[in-house]
Amino acid sequence: MKQIVIISGKGGTGKTVIAASFAALAEKKVMADCDVDAADLHLLLHPDVKETHQFMGSKKAIINQEKCTQCGKCINVCRFDAISEVRGRKREMLKQVQHDIVEIDTISCEGCGVCKYICPENAITMRENISGEWYISDTKYGALVHAKLGIAEENSGRLVTLVRQNAISVTESASSGMDYIIIDGPPGIGCPVIASLSGADLALIVTEPSLSGIHDMERIIKVTNHFGVKTVVCINKYDLNLKNTKFIEEYCQKSNINLIGKIPFDKIVIEALVNGVPVVEYSENAASKIIKIMWNNIKALCNHR
Amino acid sequence: MIISVASGKGGTGKTTIATNLALSIAPINKKRTLKGSATNSNILFLDCDVEEPNAHIFLKPKFKKTYQVTIPVPEVDKRKCTYCGKCVEVCQYNAIAVVKNNVLIFPELCNGCGGCSLLCPEDAISEIKREIGIIEEGRADAINFIHGKLNIGEVRATPVIRSVKLKVKSENGITIIDVPPGTSCPVIEAVKGSDFCLLVTEPTPFGLNDLILAVEVLRKLGIPFGVIINRSDIGDKKVTEYCKQERIPILMHIPFDREIAVTYSNGIPFVLYKKDWGLKFKNLWLQIEKLIRN
Ligand code: SF4
Ligand code: SF4
């Protein structure tokens, strides 16, 4: 079983469109949408959710106002500026009194718990926090493991890891053996990206012929190299700037990276998207022709090793 | 005044909007400032997309200063340590382990909370600095430019964003922030404290899905916002319908234009080519000012 992750560094280069097309083309596979904070793959695969699970993120500190004496020790130790003294009401001796209270901003709280340890009054407890959900679903193309990170939550890397682990267990429990896990990765190079690609068998980097696309591709290639993941590249909308496309071709050649496809700009890709269909299923067109060739290249690379 | 430019979905044109807006309101020289707006001679541009910063490609600043961004990580003095395990209990991130007569630290997991050094009963832990990124500061004509860059292989973008944002000046002047894509912690860190946020989207199911998430983030943070629809003539009408229904102002439409796409791909802000757009961005600015005042 091979894990193939589709990433790009820069957002919006066409990762999800390609991932959905691979979902339609590949046999014996499980899909994993690891872009957990702006997941889009479900819009093309239309999953029927079979299992829903809660994702417990980092805990959040809460202050018991009955015990708090406003000593301010927690304010001083918190490195995330999450605790402050605010004007508020406090119930005291059964009558409402205007009082300054110490309060925790749950959005800034990172759950380190230092305040709980330092509080001399034992007024702070750490509360479990549901930071999102993850799902195992059926689609026309096979199983999809996906997730939804709660709004303004952190720990997307941990949720990504959960999605990947569960995609692996789905492949393992499948009655007929699975050949591939196709992972739609997030943009960027940080925590959720690293969680999506570490340990993968192949990374496909989708770039575009713009200076930004090139800049971001170079950075993400350094990341895949850093983690020792075999890397291939494709250029989306290559005909929008042939000079930059040539630069990318030369760059790949110099760096010994396989360029597995150049997809032309085609408005039909957007039409397919609006209709909620992977482009290779939508119609015979120039873009889907190349995507099919790309999938065959990837298959060959996976079986070659 | 702090204006951030965000999107939820990546690649919708955040950096395009942020850079073109900055150029359109920046004075060519001291005498030529935008009518009706007295504060724009002092523009600060912050690229907070520290994982993949791109704005410098368009504004081409000359960098003058570079700073390190570090986070504190613990170091254990083995002579003082009694292997009591208190630090392991305190650490919520599994960044410390005590095995037999040894304390192991995993710096990539450390959140820099300082709990272990504060609570070690033997005072055996001190903190050392570990670099996770850099900040570069420079000037592009009338624009002060600062961006952060996360080092390759590092996971935590937020501390780098936090350091970039320390450069925000509260005195009168304009700060424009280019925000990373998504809806989680790096986005929150970047948009926090803005007076207004421009959400850039495109009229596709992906654009709409991610716009709705971004709107939830901004409502949660209580930041006023408006929408810009990029490549507005491709796709469908659902983004417009959603905005109407939610009473979200649509401040600008940018139709798909091959010429704009090509200038973008060459790293050229399109207001430099298409003068009528300069005027449209100035109007956009006036609209934003008006929305903030109300
Ligand atoms: S808390 Fe201090 S003494 Fe105890 S194991 Fe940790 S470093 Fe050693
Ligand atoms: S500073 Fe905080 S996160 Fe880092 S090792 Fe110590 S307790 Fe763990």
Side-chain angles (χ1 to χ4, degrees), chain A residues 8-13 16 35-40 43-44 58-59 77 79-80 107 110-114 117-118 149 151-157 186-195 208-213 215-216 219-220 222-223 226-227 237 240-241 243-244 267 270 273-274 276, chain B residues 7-13 15 49-54 57-58 72 90-93 111-115 118-119 150 152-158 180-188 192 202-206 209-210 213-214 216-217 220-221 231 234-236 258 261-262 264-267:
Chain A
S8 63
K10 176 172 161 42
T13 57
T16 304
D35 189 358
V36 295
D37 60 297
D40 284 337
L43 298 169
L44 296 178
S58 55
K59 294 180 182 165
V77 296
R79 292 212 172 147
F80 309 103
I107 293 181
E110 299 205 4
C112 69
V114 176
Y117 279 99
I118 213 76
L149 187 70
I151 291 303
E153 292 288 351
E154 52 189 315
N155 268 318
S156 50
I189 64 162
C191 142
V193 175
I194 290 172
E208 58 177 36
S210 65
L211 296 186
S212 312
H215 173 270
D216 295 357
R219 269 168 75 80
I220 189 76
K222 284 187 193 147
V223 177
H226 183 94
F227 289 93
K237 306 180 200 159
L240 277 185
N241 190 324
K243 196 182 92 221
N244 287 338
K267 282 199 172 154
I270 294 155
L273 176 59
V274 167
Chain B
S7 74
K9 175 170 158 45
T12 54
T15 304
D49 188 355
V50 302
E51 293 180 45
E52 294 289 21
N54 285 153
I57 295 173
F58 297 89
V90 172
C91 182
Q92 295 291 311
Y93 308 93
N111 196 31
C113 73
L118 193 68
L119 296 160
L150 182 68
I152 299 298
E154 289 295 340
V155 281
R156 300 182 58 237
T158 359
T183 59
S184 60
C185 33
V187 178
I188 310 300
K192 225 162 47 179
E202 58 182 36
T204 64
F206 290 0
N209 184 65
D210 300 351
L213 298 173
E216 281 184 59
V217 171
K220 191 158 177 174
L221 295 174
R231 301 185 273 268
I234 60 158
D236 55 21
R258 216 178 161 105
V262 172
Y264 169 84
S265 70
N266 287 321

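The sequence lines fix the lettering, A, B, ..., with proteins before strands; numbering per chain opens at 1.
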Would you give the length of the straight line joining atom NE2 of A:His226 to atom CD1 of B:Ile152, rounded to the nearest 0.5 angstrom? 9.0 Å
Got a second to check how far A:Asn241's CG is from A:Leu211's CG, nearest 0.5 Å? 7.5 Å
Heavy-atom cut-off 4.5 Å, strictly under: side chain, backbone, both or neither for [X] against chain B?
X	result
A:Ile194	side chain
A:Ile270	side chain
A:Ala195	neither
A:Ser156	side chain
A:Glu110	both
A:Leu149	side chain
A:Lys237	neither
A:Pro187	both
A:Asp216	both

Ion pair present between A:Lys10 and B:Glu52, side-chain N to carboxylate O less than 4.0 angstrom? no
Heavy-atom contact with chain A under 4.5 Å, split by part of [X]:
X	result
B:Arg258	side chain
B:Pro53	both
B:Leu150	both
B:Val217	both
B:Thr12	neither
B:Glu154	backbone

N/O donor-acceptor pair under 3.5 Å between [X] side chain and [Y] backbone:
X	Y	answer
A:Glu208	A:Gly213	no
A:Arg219	A:Gly9	no
B:Asn209	A:Ala39	yes
B:Thr183	A:Asp37	yes

Looking only at side chains, do B:Asp49 and B:Asn54 share a donor and an acceptor under 3.5 Å apart? no
Who among [options] has the most heavy-atom pairs with chain B under 4.5 Å?
options	result
A:Val223, A:Val274, A:Val114, A:Ile189	A:Ile189
A:Val193, A:Asp40, A:Asn244, A:Leu43	A:Asp40
A:His215, A:Lys243, A:Lys222	A:His215

Can you list the residues that meet the side-chain contact (heavy atoms from CB on, under 4.5 Å) rule with B:Ala214, with sequence neighbours excluded? B:Leu199
List in chain and number order the residues that pass side-chain contact (heavy atoms from CB on, under 4.5 Å) with B:Leu119, two or more places apart in sequence or in another chain; answer none if no residue qualifies. A:Tyr117, A:Ile118, B:Val90
Test log, rule side-chain contact (heavy atoms from CB on, under 4.5 Å), inputs A:Ile107 and B:Ile188: CA-CA 9 Å; A:Ile107 293 181; B:Ile188 310 300; 3.7 Å; yes
Using a 6.0 Å cut-off, check whether atom NZ of A:Lys59 has over 12 heavy atoms from anything other than its own residue. no
Quick check on the interface: out of B:Cys185, B:Gly115, B:Ala157, B:Pro205, who has the most heavy-atom pairs with chain A under 4.5 Å? B:Pro205
Of all of B:Val262, B:Thr15, B:Asp210, which one pairs up most often with chain A through heavy atoms under 4.5 Å apart? B:Asp210
